[in-house]
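The residues of the chain are indexed from 1 along the displayed sequence. Not measured: the values here are computed from a predicted model.
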Amino acid sequence: NLIKKTVQEGEKRGITHCLFVFAARHERIYQKLIGATTIAKKTCHVDTSSDHKTELVLMITEINEAKKHLFGASDN
């Protein structure tokens, strides 16, 4: 899983926080899955060959918080 690998690599490298961009329709899922908080929203074209606009969210989570949600890990 890409999210789990990102959290694991972040921890290995001493990173304390991680930013993610998701489609806004998945916002609540990632709030629960990794304890992420939305810090910005933007509607834009993600496919330049289409007129369809997509709302995106920029979310932040602490690596330790994400670990708790994903792996049941403690702060240590």
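The aromatic rings of F22 and F20 lie parallel to each other, their planes meeting at an angle below 30°, with 60° marking the opposite boundary.
Here E9 pairs with R13 in a salt bridge; the nearest charged N to carboxylate O distance falls below 4.0 Å. Between K67 and E11 there is a salt bridge, since at least one side-chain N of the basic residue sits less than 4.0 Å from a carboxylate O of the acidic one.
When side chains are defined from C-beta on, L70 counts as touching I3, because their heavy atoms get closer than 4.5 Å. A heavy-atom distance below 4.5 Å is found between the side chains of I63 and C18. Counting heavy atoms from C-beta outward, E55 and R25 have side chains that stay 4.5 Å or more apart.
Annotation: the span from L33 atom CG to Q31 atom CD amounts to 11.5 Å, rounded to 0.5 Å. Rounding to the nearest 0.5 Å places CD1 of I34 at 14.0 Å from NZ of K68. Remark: K4 NZ to F71 CZ distance equals 5.5 Å, nearest 0.5 Å. The line from CD1 of I60 to NE2 of H17 is 5.0 Å long, rounded to the nearest 0.5 Å.
With hydrogens and angles ignored, the 3.5 Å screen pairs no side-chain donor or acceptor of H52 with any backbone N or O of H45.
Heavy-atom neighbours of D51 CG from other residues, nucleotides or ligands within 6.0 Å: at or below the threshold of 12.
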Stepwise side chain to side chain donor-acceptor pair (under 3.5 Å) test for T38 and E27
CA-CA 8 Å; T38 300; E27 183 177 13; 2.5 Å; yes
T54 vs C44, side-chain contact (heavy atoms from CB on, under 4.5 Å): CA-CA, chis, key distance, verdict:
CA-CA 6 Å; T54 301; C44 60; 5.9 Å; no
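Here the shortest heavy-atom pairing between A66 and V7 reads CB-CG2, 3.7 Å.
Two different hydrophobic clusters hold L19 and I29 under the rule that ILVMFWY side chains link at heavy-atom gaps under 4.5 Å.
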